[in-house]
Amino acid sequence: MKKKLALFMACAMTAASLAGCGGGSGSGTSETTAAAAGGETTAAAAAGNETTAAGAEAPAGGEANLVMYWWGNQVRNERTQAALDKYCELNPGITIDGQFAEWNDYWNKLATMAAGQAIPDVLQMDYMYVDQYAKSNLLVDLKPYIDNGTLDVSDISENTIASGTVDGGVYAIAAGINAPALLYNKTLLDENGITVKDNMTMDEFYALCKEIFEKTGVKTDIAYGIANSWSEYFMRSYDIVPFGDKCMNGDEATWTPFFEMYTKGLDEGWLLPPDVFAEITVGSVEQTPMVYNSTPATQSWCEFYNSNQLAAMQNAAPEGMEIGITTWPAPDPKKSGYLKSSQFFSVGVHTKNEEEAVKVLDFLINSSDANNILLGERGVPAPADIAAEVAPQLSEIDQKVTAFINDVVTPNCSPINPPQPDGASEVYDLMNRTIEKVCYKQLDAAGAAAEFLAEANKIMAGK
Amino acid sequence: MGMTTKRTIGKIVYHVLVCGLGLVMIYPLVWMIMSSFKPTQTIFTTANQLIPSQFVFENYANGWKGFAKISFAVFFKNSLFISIIATIGTLISSALVAFGFSRCKFWGKKILFVAMLLSMMLPAQVLMIPQYLWYQKLGWVGSYKPLIIPYFFAIQGFFVYQITNFIDGIPRELDEAAKIDGCSYYSIFFRIILPLTTPALITSTIFSFMWRWDDFLSALLYINESAKYPVSLALKLFCDPGSSSDYGAMFAMATISIMPAVIMFICLQKYLVEGISTSGLKG
Amino acid sequence: MKGKRNLTFKQFLCKESIAGVVFCSPFIIGFLMFMIVPMGISLYYSFCDYNILTPAVFSGAKNYIKMFTDDEVFWQTIGVTFYFAFVSVPLRLIFALIVAMILLKTTKATGFYRAAYYLPSIIGGSVAVAVLWKRMWATDGVINTLLSAIGIETSFAWLGNTNTAIWVLIVLAVWQFGSSMLIFLSALKQIPVSLYEAATVDGANKWHQFWKVTLPLLTPNIFFNLVMQMINGFLAFTQCFIITQGKPLNSTLFYTVYMYQQSFEFYNTGYGAALAWIMLVIIGLITLLLFATKKFWVYEGGF
């Protein structure tokens with residue numbers, strides 16, 4: 001043991017004396033040593049990339065090293081990378097480095113890159129952020145490329161294009177279509193002889209919640225903690241787009257019904273109490289009260305999610321629980337319904353090869369080659385012909401989703417609200433906290449509406 | 001009751017107590033390991049049940065295959081590289097600085113000490129963007145440099161302060177004697193103080209390695225290529241709140257991921273208390 | 001001549017004041033190179049309207065004024081953070097010291113025990129801990145089951161109650177006492193055996209030895225741990241971020257998590273920076289206070 005120790009000390013000392021030199025003679029020495037250790041691989045790899053790109057014979061399509069950045073899980077990472085590889089194979093001279101991160105990390109990193117003026121060439125975008133990124137001049141306006149034919153949108157519906165439009169420019173193209181969807185425990189309802197109809201009104205929904213609670217004791221979760229799009233959806237029935245120009249639309253009277261929903265549920269006993277949500281991670285499919293909890297008092301019979309999450313929810317459900325899908329209820333379902341883009345693809349404004357980046361985007365959206373690899377993992381493909389081509393290859397659940405979108409939502413929908421402006425995330429946080437206060441019985445519905453509007457207007461005015 | 005029976009009873013009580021509390025301590029780890037052997041869809045629905053009703057190993061296979069053809073072995077290699085080099089840097093630089101703080105009087109020492117403390121008081125998140133901009137200016141973004149080089153400059157005040165504190169506890173008579181023998185500060189440091197600092201260096205090694213291993217924030221910001229991600233960042237890729245997450249694979253890889261730290265701890269912990277310090281300090 | 005000049009340079013290097021600077025040079029360079037600029041930029045941001053995506057615009061003390069006059073949540077998070085730090089840190093240190101004393105004895109099993117007690121710190125803020133911890137404190141979780149087993153029948157919602165939710169986080173923080181324990185362990189072995197021998201000769205029992213020898217000689221390490229853990233306690237982030245996210249009703253919203261939300265979720269990054277600098281002032285003052293008390297209770301000088 002003594003020998004080992006001596007050896008350790010000897011190593012430590014040699015190392016220390018080396019560093020001593022470096023430290024003593026200024027930063028130079030140790031910096032280069034460490035740089036060599038840390039950076040060599042990087043430099044070599046980068047150089048390698050460049051030479052391959054430069055060395056290849058120039059193909060018709062030009063040459064470029066592009067970066068594409070997205071968020072997602074293992075399946076998406078796998079498929080997207082494969083699609084990109086396919087593109088490189090078809091277009092010699094182009095290399096695309098696929099980079100991926102988890103949702104929260106993705107936005108932190110993207111914001112940081114924006115601060116450093118280094119947004120990736122092609123990136124995945126979300127409805128929540130597209131307005132802010134477009135208005136900050138971080139995304140390329142794709143309109144000219146649509147006009148000159150580089151980006152083909154002839155098979156994509158007007159509504160879908162509109163969802164990525166900010167101030168007249170097209171900044172994002174839908175990577176997949178989905179729709180708000182009420183996912184419910186079909187098994188439980190079947191056992192009790194309860195049926196759910198599509199396009200429920202709020203009153204029908206309340207009656208259903210009450211009936212289920214009385215028959216089974218199972219309660220209801222109304223988008224607790226994730227009321228963002230739910231509030232938009234609900235207010236559309238009253239012809240109100242929540243976000244105006246540096247203010248909120250609607251007054252206390254129009255917002256009160258939204259909060260009344262929760263007080264009503266509490267009074268009648270069918271709403272899940274707020275402490276249930278303190279014990280789960282809100283927003284994680286696997287931990288929704290519907291599939292995670294096992295006693296009726298903490299279970300919900302439905303969840304307010306999106307159509308493309310049906311597969312995930314079914315996956316997370318305990319054995320023997322079949323998950324059904326229907327539309328979100330609304331005071332006026334016809335007015336509220338909309339199709340949305342599950343996520344977008346955009347081109348970052350700092351790209352050196354705008355044209356090549358747009359071509360990659362076109363490939364991902366429009367080519368059979370790409371979509372036969374991606375297989376609608378991001379939602380139903382936006383171009384109708386591609387969607388039809390991919391459909392037969394989908395899993396049973398995804399086919400159910402496609403049918404839901406085509407047969408249930410499409411006939412009953414109107415264009416989606418414009419993307420939310422800067423300040424929306426703060427307002428949504430406020431809204432979820434206000435709902436929390438209502439559920440903890442600190443506010444009544446009218447009080448909640450008043451407090452919410454006052455605070456939200458203050459937030460929006462400051463933007 | 002005899003002295004020996006009393007002692008035996010005492011021993012038994014000691015072990016029962018320590019073991020019992022130990023179980024509470026390792027329960028979450030056991031839970032994680034057990035979960036990694038459950039079929040991934042059942043992890044949450046059976047969270048209250050510790051032992052899996054069927055043991056499956058597919059989570060390990062699924063996890064190990066990684067993402068987009070980059071296997072987890074690559075992430076491990078990256079993590080090991082970053083953590084080991086950065087830890088060596090931390091140890092060397094912190095020990096040097098600590099000796100300066102503890103044994104030398106010089107102009108500006110108080111200011112330096114305050115600067116060191118202050119640098120620990122800003123939340124890491126607030127420095128994210130400024131640091132990114134600065135490293136971008138240095139041209140270091142996209143490489144391991146921001147994850148390694150700063151640690152060769154005693155950037156973590158915690159270690160400097162910890163080792164300083166430890167050196168303060170070493171009797172000064174030892175240096176005085178050496179000084180009389182004609183030793184310079186440099187030879188005092190290398191010949192006398194450094195060997196006596198072993199326990200503090202061991203704890204620093206354990207902490208530093210673990211912290212570097214777990215650090216995902218700087219990896220997220222400064223590393224672009226997916227093939228260069230460390231384990232800490234890769235582990236998060238199994239979860240996507242918007243779609244399905246593979247918690248089984250994540251727990252499987254998380255289990256493997258803590259092994260280096262655990263093994264290192266088990267190997268090093270005995271030097272913590274069996275160090276040569278006692279013999280050196282006696283008398 | 002040459003030899004003489006070398007000698008003087010060597011002598012120069014060996015002067016105490018110069019040697020000190022040489023030893024400290026890594027930190028001096030590191031601080032100037034890696035810390036001062038980012039810190040300066042963030043201080044500048046705190047006086048700006050900044051949303052990351054567009055360049056910062058100077059706005060004077062607006063952020064600071066808003067914080068103190070027009071932000072209820074700010075005061076709430078200050079309250080939560082003080083409560084958390086002042087309760088969890090002492091508990092953690094006491095626990096760490098007791099366990100370090102117990103595990104000091106070298107038996108065949110202690111190596112294993114030490115590893116077991118250090119494990120919680122290794123798995124730290126992982127997803128597994130987040131999931132499990134919530135599961136344990138759930139209405140039908142392990143804690144309530146154990147309480148029922150000893151006759152307290154309850155289905156109390158620990159995490160759903162504004163008074164108890166913070167305690168779930170405090171217990172988690174105390175449970176991860178490993179790093180303080182290690183520092184105590186290495187310090188305990190630094191205490192010369194001769195002192196204990198002398199105390200035994202004087203007729204002191206174990207209890208007396210602890211109070212008269214161990215504790216006083218440990219005070220420098222207790223002080224170090226106290227300062228570090230206080231800083232950590234005020235900057236605590238993970239526990240709240242992965243487990244409660246501030247729920248219920250912001251009763252567990254840590255200051256740093258609020259700062260993070262402002263900076264990266266609401267894109268009020270300038271405001272977030274201002275929050276951070278106020279935290280620095282608060283921690284700075286508390287550290288200063290601790291250093292001011294040092295001379296009353298911390299044992300100075302060698303053995």
Side-chain angles (χ1 to χ4, degrees), chain B residues 18 22 25-26 28-29 31-32 47 93 96-97 99-100 104-107 109 112 115 117 119-123 125-127 129-131 134 150 153-155 158 160 165 168-169 171-172 184-185 199-200 203 207 210 214 251 254 258 261-262 265-266 269-270 272-273 275 277-278 281-283, chain C residues 14 16-17 19-21 23-24 26-27 29-31 34-35 37-39 41-42 52 102 111 113-120 122-124 126-129 132 135 179 182-183 185-186 189-190 192-194 220-221 224 228 231 235 256 259-260 263 272-273 276 279-280 283-284 287 302-303:
Chain B
V18 173
M25 291 286 144
I26 62 168
L29 178 78
W31 183 85
M32 184 171 88
S93 59
L96 283 168
V97 177
F99 178 80
C104 304
K105 283 199 195 87
F106 59 95
W107 186 87
K109 180 167 137 178
L112 273 187
L117 284 176
S119 68
M120 284 186 270
M121 294 176 192
L122 267 187
Q125 297 83 5
V126 80
L127 291 175
I129 289 175
Q131 236 157 20
W134 179 238
F153 293 92
I155 207 74
F158 176 88
V160 176
N165 204 46
D168 279 342
R172 275 166 197 275
S184 71
Y185 280 97
T203 45
F207 294 154
M210 200 176 82
D214 286 341
F251 286 156
I258 63 165
V262 173
F265 182 83
I266 291 175
Q269 57 88 18
K270 61 180 175 207
L272 268 181
V273 287
S277 57
T278 25
L281 292 177
K282 235 178 186 173
Chain C
C14 287
E16 185 173 356
S17 57
V21 175
F23 276 109
C24 287
F27 176 71
I29 296 162
F31 187 77
F34 303 115
M35 294 302 294
V37 177
M39 281 171 87
I41 299 177
S42 89
I52 310 183
I102 292 173
Y113 289 150
R114 279 181 208 135
Y117 282 75
Y118 187 62
L119 266 175
I122 294 183
I123 51 177
S126 67
V127 181
V129 172
L132 182 68
R135 206 62 245 178
S179 65
L182 285 199
I183 291 168
L185 265 179
S186 65
K189 268 295 170 178
Q190 214 184 5
V193 183
S194 55
N221 292 286
F224 166 76
M228 285 301 134
I231 295 178
L235 293 183
T256 43
M259 186 208 78
Y260 175 86
S263 304
M279 190 29 77
L280 180 125
I283 301 177
T287 311
F303 299 111

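Everything numeric here is computed off the predicted structure, so don't read it as measured data. Letters A, B, ... mirror the listed sequences (proteins, then strands); counts begin at 1.
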A.B. asks: Determine, step by step, whether B/V126 and C/M279 satisfy the side chain to side chain contact (heavy atoms under 4.5 Å, CB included) criterion, reporting the C-alpha distance in whole Å, the side-chain angles of both residues, the deciding distance to 0.1 Å, and the verdict.
C.D. replies: CA-CA 11 Å; B/V126 80; C/M279 190 29 77; over 6 Å; no
A.B. asks: Between C/S263 and B/Q125, is any pair of side-chain heavy atoms under 4.5 Å apart?
C.D. replies: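 No - every pair of side-chain heavy atoms lies 4.5 Å or more apart.
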A.B. asks: Identify which part of C/L280 has an atom lying under 4.5 Å from any heavy atom of chain B, answering side chain, backbone, both or neither.
C.D. replies: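 Both backbone and side chain of C/L280 come within 4.5 Å of chain B.
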A.B. asks: Which bit of C/Y260 is near chain B, if near means a heavy-atom gap under 4.5 Å: side chain, backbone, both or neither?
C.D. replies: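 The answer is the side chain of C/Y260.
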A.B. asks: Relative to chain B, which segment of C/L119 carries a heavy atom at a distance below 4.5 Å: side chain, backbone, both, or neither?
C.D. replies: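 The side chain, not the backbone.
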A.B. asks: Measuring heavy-atom distances to chain B, does C/V21 have an atom under 4.5 Å in its side chain, in its backbone, in both, or in neither?
C.D. replies: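 Answer is both: backbone and side chain atoms of C/V21 are under 4.5 Å from chain B.
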A.B. asks: So what's closer than 4.5 Å to chain B heavy atoms on C/L182: side chain, backbone, both or neither?
C.D. replies: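 For C/L182, backbone and side chain are both near chain B.
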A.B. asks: Counting only non-hydrogen atoms closer than 4.5 Å, does C/Y118 touch chain B with its backbone (N, CA, C, O), its side chain (CB onward), both, or neither?
C.D. replies: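 Side chain of C/Y118 only, per the 4.5 Å heavy-atom cut-off to chain B.
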A.B. asks: Under 4.5 Å from any heavy atom of chain B, what part of C/S42 do you find: side chain, backbone, both or neither?
C.D. replies: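 When you check distances to chain B, atoms from both the backbone and side chain of C/S42 fall under 4.5 Å.
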A.B. asks: Run the side-chain contact (heavy atoms from CB on, under 4.5 Å) test against B/V18 and tell me which residues pass, sequence neighbours left out.
C.D. replies: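 Here the qualifying residues are B/Y14, C/I102, C/L103, C/Y113, C/Y117.
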A.B. asks: If you define the side chain from C-beta out and look only at heavy atoms, does anything of C/C24 sit under 4.5 Å from B/L112?
C.D. replies: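 Yes, side chains in contact.
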A.B. asks: Relative to chain B, which segment of C/M39 carries a heavy atom at a distance below 4.5 Å: side chain, backbone, both, or neither?
C.D. replies: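 C/M39 touches chain B through backbone and side-chain heavy atoms alike.
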A.B. asks: Could you check whether the rings of B/F158 and C/F224 sit parallel, tilted or perpendicular, using 30° and 60° as the cut-offs?
C.D. replies: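 B/F158 and C/F224: tilted rings.
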A.B. asks: For residues B/F207 and C/I183, determine if any side-chain heavy atom of one lies less than 4.5 Å from a side-chain heavy atom of the other.
C.D. replies: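 Side-chain contact under 4.5 Å: yes.
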